[in-house]
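Okay, structure first, notes after.
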2 protein chains.
Amino acid sequence: MHALTGDAHAAGEGGWWSNLIGEGKAIDTNKYFVICSNILGGCKGSTGPSSINPKTGKPYGIDFPIITIGDIVNAQRNLIDHLGIDKLLAVVGGSMGGMQVLQWMVAYPKRIRSAIPIATTMKHTPQQIAFNEVGRQAIMADPDWHSGNYYDKGIPAKGLAIARMIGHITYMSDVSMAEKFGRKFRSDRAPFKFGADFEVEGYLHNRGDNFVRRFDANSYLYITKAIDYFNILNGHSLGDIFRGLRAKVLVLAFKSDWLYPTYQSQEIVKACKLSGVDASYCEVNSTYGHDAFLLEIEQESHLISNFLRSVTTGNGNKGA
Amino acid sequence: MHALTGDAHAAGEGGWWSNLIGEGKAIDTNKYFVICSNILGGCKGSTGPSSINPKTGKPYGIDFPIITIGDIVNAQRNLIDHLGIDKLLAVVGGSMGGMQVLQWMVAYPKRIRSAIPIATTMKHTPQQIAFNEVGRQAIMADPDWHSGNYYDKGIPAKGLAIARMIGHITYMSDVSMAEKFGRKFRSDRAPFKFGADFEVEGYLHNRGDNFVRRFDANSYLYITKAIDYFNILNGHSLGDIFRGLRAKVLVLAFKSDWLYPTYQSQEIVKACKLSGVDASYCEVNSTYGHDAFLLEIEQESHLISNFLRSVTTGNGNKGA
């Protein structure tokens, strides 16, 4: 399952997890049949606010209905029903992808043999909500947003770029930024007039500008709201939420990830253990921050391939 | 010395440090003569981009010259020259106020008997620069900014509010936000259309809206740039920068402060120690994050009043 701004293009040239998925890789396409679909509400193939509303013949904009992580996973379940798949060997994903994994564990426990939630959380803290909200405010403050009806006029590029810049700060770590940029000035720095003076500023501008060319601003609004509203506990206790789940679980977290701090992954493990679920936890020593789930390929490969082998050989939970 | 958005109104009704400065308080106005002036580049009494440019009869806007923390401190030195003060008992400040303290220690070591830099740093990391840059981009993306010439037209309120919201996230901590807001919904939440659903969102909107009524957007640009450019080391080594300083130093930091993490204060102490400066360090156990320097009054009072007593009684460095 992909993260906030990901898409179905997980493997192969330019895929967001192409180092992990492929022939002979951790998620080995010689052994496993790999499915990745764009999430509901997205803008890369699945229906979202930029899709045409059949009733009006125009894009939905913010007439698109509210979506939740539950809706996203229901669409995925419809997909495997359509494909005639009764049970998935594993559901795997990082960040918001990890929330979808947790949702599968709770909503369709009998349809999965194993689950790998990575760098994720059972629910957003107010700090996590706050970062998303500032991004949304930046988009909606852009006059080119036009209350979501911008599709025939252009795009709220400045607002969306700012949202992306905020995101990027939270995806990296203090250390990884220091290693990548330090306090280096840009070589093509213009005379002081509030341009990008430091390398880190140029990087953020660049990330922001690239993003607006590939992502829909309304999708950003809907998906971040789905993330903020996500709360897998939803009134259930920690020892109750995964009760009866017979799938084997591997929880991965990264030490320098301050967007989804390791304590949130530890809570998932605790919930599994309290429910008698067969769960392992691994905290990877990385300085990459939240981005580590896309970058710490060697360690992830080792952990995921061994885990999948244990699931397929039944060296573990055989309930499936 | 005040922080980024502070002003000269430090003590008395509504002052930003009124719990710490006053009769019988840690900085006791019965004993000490307290001076706090608005920084150069600000918008609360000192000359800044919103001041009238005598050459044009209009506000400077972004024709205002670049300012540095050095310029800000030079203006303060001019002030004490004007007041006929040869030597200050102490220079004290948190956050950007702490940078001014460090600047005094380096630029005018003979004009101070002691220094208290609080929750600050010798130079911004790329992460710290990045947060400021996103705030600046939000202001400059607002069409009401008009390249800084907005004074006769209104204000870039949306952009400035977003900058402030980003700031507020960094001033609090994960824990303090969880304690203050949790995942509580707003009682007057409107039907879902990307309004503020969670308490934390309403709080940020509110902080943003209040801020634009009291602060000038161009001042925000200039001051954050001064902070980002600040680098007290500037080619000097850690063991060299404070050499010859005979003032006594008290460095304060707060455990949950992730905007100015404690390791940055420890670097200041290390630099002092390597230069043979009489420095003490105290790391206050607080969950308030960076805001702690405005909120942990009891512990700060205790530490600061004892320190000032030791300076005045000569129980410590007598070089002054």
Side-chain angles (χ1 to χ4, degrees), chain A residues 62 65-66 123-143 147-148 157-159 161-162 165-166 168-169 172-184 192-194 196-201 203-205 208 221-222 225 228-229 231 258 261 263, chain B residues 62 65-66 123-144 147-148 157-159 161-162 165-166 168-169 172-178 180-184 192-194 196-201 203-205 208 221-222 225 228-229 231 258 261 263:
Chain A
I62 62 168
I66 309 167
K123 58 173 191 251
H124 258 194
T125 60
Q127 190 185 68
Q128 291 164 327
I129 294 170
F131 278 118
N132 275 347
E133 173 62 5
V134 179
R136 286 189 294 264
Q137 288 296 318
I139 291 168
M140 296 190 291
D142 190 329
S147 302
K158 287 183 176 178
I162 288 165
M165 291 185 221
I166 298 167
H168 266 287
I169 301 175
M172 299 184 75
S173 74
D174 188 19
V175 170
S176 69
M177 278 193 154
E179 283 171 355
K180 193 177 176 93
F181 312 112
R183 285 177 55 85
K184 280 198 298 287
F192 181 84
K193 266 290 124 59
F194 303 111
D197 299 319
F198 293 95
E199 287 272 357
V200 64
E201 295 172 315
Y203 173 83
L204 289 178
H205 293 194
L221 298 179
Y222 275 90
K225 270 289 182 189
D228 289 346
Y229 269 92
N231 181 354
W258 61 277
Y263 77 79
Chain B
I62 61 169
I66 308 168
K123 58 173 189 253
H124 258 196
T125 61
Q127 189 185 71
Q128 291 164 328
I129 293 170
F131 277 118
N132 275 348
E133 173 61 5
V134 179
R136 285 188 294 265
Q137 287 296 319
I139 291 168
M140 295 189 291
D142 189 328
D144 291 334
S147 301
K158 287 182 175 178
I162 288 165
M165 290 186 223
I166 297 167
H168 265 288
I169 300 175
M172 299 183 74
S173 74
D174 188 19
V175 170
S176 69
M177 278 193 155
K180 193 177 175 94
F181 311 114
R183 285 178 54 86
K184 280 198 296 290
F192 181 84
K193 266 293 125 58
F194 303 110
D197 298 320
F198 293 93
E199 288 273 355
V200 64
E201 296 172 314
Y203 173 83
L204 289 177
H205 293 194
L221 298 179
Y222 275 89
K225 271 289 181 190
D228 289 346
Y229 269 91
N231 181 356
W258 62 276
Y263 78 80

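Below, chain A is the first sequence line, B the second, and so on; all start at residue 1.
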Selection from B:H168, B:K180, B:H205 maximising heavy-atom pairs under 4.5 Å formed with chain A: B:H205
Look at B:N132, B:T125, B:V134 and state which one has the largest set of heavy-atom pairs under 4.5 Å with chain A.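 Most pairs with chain A among the choices: B:V134.
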Begin with the C-alpha distance, continue with both residues' side-chain angles, and end with the deciding distance and a verdict on side-chain contact (heavy atoms from CB on, under 4.5 Å) for B:E201 and A:R136. CA-CA 11 Å; B:E201 296 172 314; A:R136 286 189 294 264; 2.7 Å; yes
May I ask you to decide if B:K123's main-chain N or O and A:R183's side chain share a donor-acceptor pair within less than 3.5 Å? no
Shorter than 4.5 Å, heavy atoms on both sides: which option in A:K158, A:M165, A:E133 has the most such pairs with chain B?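 Looking at each option in turn, the highest pair count goes to A:E133.
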I need the residue from A:K184, A:E199, A:M177 with the largest number of non-hydrogen atom pairs under 4.5 Å to chain B.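 Most pairs with chain B among the choices: A:M177.
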Closest contact, heavy atoms only, [X] versus [Y]:
| X | Y | answer |
| --- | --- | --- |
| B:P126 | A:G182 | CG-O, 3.3 Å |
| B:D174 | A:Q127 | N-NE2, 3.6 Å |
| A:I169 | B:F131 | CG2-CZ, 3.5 Å |
| A:I162 | B:A141 | CD1-CB, 3.8 Å |
| A:L204 | B:A130 | CD1-CB, 3.6 Å |

Kindly write out the residues that satisfy ring-ring contact (aromatic ring centres under 6.0 Å, His included) with B:F194, not counting sequence neighbours, or none if the list is empty. A:Y222, B:F192
A:S173 portion near chain B, given a 4.5 angstrom heavy-atom threshold: backbone
Cut-off 4.5 Å, heavy atoms of chain B, and the answer for A:D142 is neither
Between B:D197 and A:K225, is there a side-chain N and carboxylate O pair less than 4.0 Å apart?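 Here B:D197 pairs with A:K225 in a salt bridge, since their nearest N and O are under 4.0 Å apart.
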